Visitor: 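Quick one: this structure, given as structure tokens, is what I'll be asking you about.
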Amino acid sequence: MAGFLMCQLGSLVISFGRRENPFLDAFPLYAAVKTCEVVGATAMFGRNVHLGKLDFERRADARERGFEIASEGSDGIKAFLKGLQGSIARSRKGLGSHGRVAFETIHRFLAPRKRTSEANVAFAPFRLVVSEFIKESYPLAPGELVFDERIRVRTLHSVRSLSTETGMNPRRLLKLLREAGVVTEDQIDLSDRNVVFDAERARLALQGAQEAMSVREAAERLGLTKGTTLNLVREGFLRSFLPATDVKPRIPARSVADFMERLLEAAQVVRRSGGKRIQLRNAARKIFVSEAKIVRWILEKRLRWVGRLSGATDCRGVLVDADEVKSLTVRPPLPGLGMRELAVALGTSDWIASALVRHGHLGERGKADSRTAKRPTAEDVQRFKEYYVSAWQLSLQLGRHVSLVKQEMAKRGAKPAFDPKQVDAVFYRRSDVLPPSSV
């Protein structure tokens, strides 16, 4: 028997070109061979393979496959178990108890009740690796057993176990944990029992959610309107446990306190408001700008003077300089011509001037009043007039009705330079309709 085992293990070592394996070296010879066989059979024939039904050839193949996995040591074994766990989690089945479903054959093989004390010692290194993986990967409650070890402290939770423990709806719980960063995006599609996460981080997230307040409560504490508070949440100035697009976001009390601390950080304490230095809400109404925008300017240090009424603790006591706020709302004039100016320069209507720009016939393609596109200049208008003339302007020069001019140009074969349906007018190339001396 010893010669047979030596032959089996020797052939495995030779086939993989190495004679040292720190993981398998800790086993007695027969235990090393059996460990390779169990691991390899699970990898080749499934998580619930029946070892007794495998013939000699399949057992030999299983030992080779198991040796390949075990040659990577405990990390290789854990990576193999992780793959088994992930495959059954993606199938949306239950994880079972301590991996009895994910790797049933391995778990059954290592069960201490089925072996003598001597055999338990022989397979102890293998059992230790599997036990560590189970404790690191499964939501075990205090009092549960992993082989012969009783769990004392919970380190992992699943959505199902935490929902059962707290009484929270699983969907809302998952949403909260996702926003808090406890659950990752790749876990969202798994079933509740398969979404596993750190128990302590989940506890802190739930504690924060319970202490959080509604938008209405936060608005009252901040001295702002509900709409302004919701805008501050959406813009990221106030942190929410749920997405800012959620209908009812919850705002932690700590987030409200941090916000007021940053807002009043450089504020000068004064006894009363007066003159141009008025309350934030009054400034917003007077200058027709949102409170959220003024708050943004304060936090971004764009206002040189910010005050606070003595004893004030919310935004109702925040003062700003009305002139300074107004200066930030006035945009500098843009270069080029606006739509009305462009229409007058072309001698046409606003609609036609806008259409010429919009379709790229004059200046840069885009709306005439767009703040992102370059507006047409006087030079662009002069250049346009040198090359093109409208049917209406041509009728004035020729002293004829515009409809007669169009008919005459059609007889002469002069075609419109632009699609009349696009610009709502007829333009000709000067070179096609006027003699050289008039061009």
Side-chain angles (χ1 to χ4, degrees), residues 213-240 244-249 251 253 255-344 350 354 357 366-376:
M213 62 189 76
S214 67
V215 174
R216 184 181 296 278
E217 292 171 329
E220 292 176 357
R221 184 171 297 190
L222 290 170
L224 296 171
T225 64
K226 182 179 176 181
T228 299
T229 304
L230 191 57
N231 285 337
L232 293 175
V233 173
R234 288 170 177 164
E235 293 181 16
F237 293 111
L238 286 172
R239 183 170 55 86
S240 169
T245 55
D246 190 84
V247 177
K248 297 181 179 180
I251 304 171
S255 178
V256 174
D258 290 344
F259 171 81
M260 288 304 307
E261 185 177 343
R262 287 184 290 124
L263 191 67
L264 301 176
E265 182 181 6
Q268 179 182 339
V269 179
V270 297
R271 291 185 177 181
R272 65 178 68 88
S273 60
K276 297 295 183 180
R277 296 178 174 180
I278 58 179
Q279 291 177 303
L280 186 152
R281 180 173 295 181
N282 293 337
R285 292 172 178 172
K286 182 177 181 179
I287 305 171
F288 300 103
V289 63
S290 69
E291 291 180 74
K293 185 168 288 188
I294 298 178
V295 167
R296 174 186 286 276
W297 290 337
I298 294 175
L299 296 176
E300 293 176 350
K301 312 295 184 185
R302 296 181 63 184
L303 295 179
R304 292 188 300 274
W305 188 89
V306 178
R308 59 178 293 191
L309 294 175
S310 179
T313 58
D314 59 28
C315 293
R316 284 176 287 233
V318 177
L319 306 179
V320 293
D321 189 307
D323 289 342
E324 191 177 5
V325 173
K326 188 175 182 179
S327 67
L328 293 177
T329 63
V330 177
R331 296 178 177 179
L334 294 175
L337 303 174
M339 183 174 63
R340 182 86 283 269
E341 297 171 312
L342 180 62
V344 171
D350 293 1
S354 179
V357 176
K367 291 184 178 179
D369 279 334
S370 172
R371 301 192 69 85
T372 57
K374 181 181 176 181
R375 302 201 303 179

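In this text the structure is predicted, and so the values were computed from the model without any measurement.
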Visitor: First locate atom CZ of R308, then atom CE of M260, and finally report the distance between them rounded to the nearest 0.5 Å.
Guide: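 Those atoms lie 7.5 Å apart.
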Visitor: Within a strict 4.5 Å, meaning less than it, do heavy atoms of the E261 and D258 side chains meet?
Guide: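 The answer is yes, as the side chains (C-beta and beyond) meet within the 4.5 Å cut-off.
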Visitor: Determine the minimum heavy-atom distance between E220 and R316, stating which atoms define it.
Guide: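 Looks like O-NH2, 3.7 Å.
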Visitor: Give, for atom NZ of K226 and atom CD of E217, the distance between the pair rounded to the nearest 0.5 Å.
Guide: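 Those atoms lie 11.0 Å apart.
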Visitor: Walk me through it: do M339 and L342 pass the test side-chain contact (heavy atoms from CB on, under 4.5 Å)?
Guide: CA-CA 5 Å; M339 183 174 63; L342 180 62; 5.6 Å; no
Visitor: As an exercise, state the distance from CD1 of I294 to OG1 of T228, rounded to the nearest 0.5 Å.
Guide: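 Those atoms lie 9.5 Å apart.
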Visitor: If every non-hydrogen atom of E324 is compared with every non-hydrogen atom of W305, which pair is closest and at what distance?
Guide: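 The pair with the smallest heavy-atom distance is OE1-N, 3.4 Å.
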Visitor: Is there side-chain contact between I298 and L280, with at least one heavy-atom pair below 4.5 Å?
Guide: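 The answer is yes, as the side chains (C-beta and beyond) meet within the 4.5 Å cut-off.
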Visitor: Give a yes or no answer on whether the side chain of S255 reaches the backbone of R239 with a donor-acceptor pair at less than 3.5 Å.
Guide: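 Confirmed, S255 side chain pairs with R239 backbone.
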Visitor: List the atom of D350, the atom of R340, and the distance in Å for their closest heavy-atom pair.
Guide: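 The pair with the smallest heavy-atom distance is OD1-NH2, 2.5 Å.
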Visitor: List the residues meeting side-chain hydrogen bond (donor to acceptor under 3.5 Å, both in side chains) with N231, not counting sequence neighbours, and say none if there are none.
Guide: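 Applying side-chain hydrogen bond (donor to acceptor under 3.5 Å, both in side chains) to N231 gives none.
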Visitor: Considering all heavy atoms of both residues, which atom of F237 and which atom of F259 are nearest to each other, and what is their separation?
Guide: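 That closest heavy-atom pairing would be O-CD1, 3.8 Å.
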Visitor: Is the closest side-chain heavy-atom distance between V270 and L309 below 4.5 Å?
Guide: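 Of all side-chain heavy-atom pairs linking L309 with V270, at least one is under 4.5 Å.
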Visitor: When you compare the side chain of K301 with that of E265, does any pair of heavy atoms fall below 4.5 Å?
Guide: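 With C-beta onward as the side chain, the pair touches.
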Visitor: Could you grab the distance from atom CD of Q279 to atom NZ of K286, nearest 0.5 Å is fine?
Guide: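 Going from the CD atom of Q279 to the NZ atom of K286 covers 13.0 Å.
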Visitor: Counting C-beta onward and ignoring hydrogens, is there a side-chain heavy-atom pair between I251 and T229 closer than 4.5 Å?
Guide: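 SC-SC contact between I251 and T229 confirmed.
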Visitor: Do L328 and L303 make a side-chain contact, defined as non-hydrogen atoms from C-beta onward lying under 4.5 Å apart?
Guide: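 Result yes, sub-4.5 Å side-chain heavy-atom pair found.
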Visitor: Quick check: closest heavy atoms across P376 and V357, and the distance to 0.1 Å?
Guide: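 Answer, listing the atom of P376 first, then V357: CG-CG2, 3.7 Å.
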Visitor: A284 and S290: which non-hydrogen atoms are nearest, and at how many Å?
Guide: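 Minimum heavy-atom contact is CB-C, 4.2 Å.
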Visitor: S310 versus V269: any side-chain heavy-atom pair under 4.5 Å?
Guide: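 When only atoms from C-beta onward are counted, V269 and S310 do touch, with a gap below 4.5 Å.
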Visitor: Using a 6.0 Å cut-off, check whether atom CZ of R216 has over 12 heavy atoms from anything other than its own residue.
Guide: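 Open: at most 12 neighbouring heavy atoms sit under 6.0 Å from CZ of R216.
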Visitor: Among L263, L264, T225, whose side-chain contact (heavy atoms from CB on, under 4.5 Å) with C315 holds?
Guide: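 Filter result, single survivor: L263.
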Visitor: Is there side-chain contact between L238 and L222, with at least one heavy-atom pair below 4.5 Å?
Guide: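 Yes. Closest side-chain heavy atoms under 4.5 Å.
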Visitor: Using 0.5 Å steps for rounding, measure from the CZ atom of R296 to the CG atom of L232.
Guide: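 If I round to the nearest 0.5 Å, the distance is 9.0 Å.
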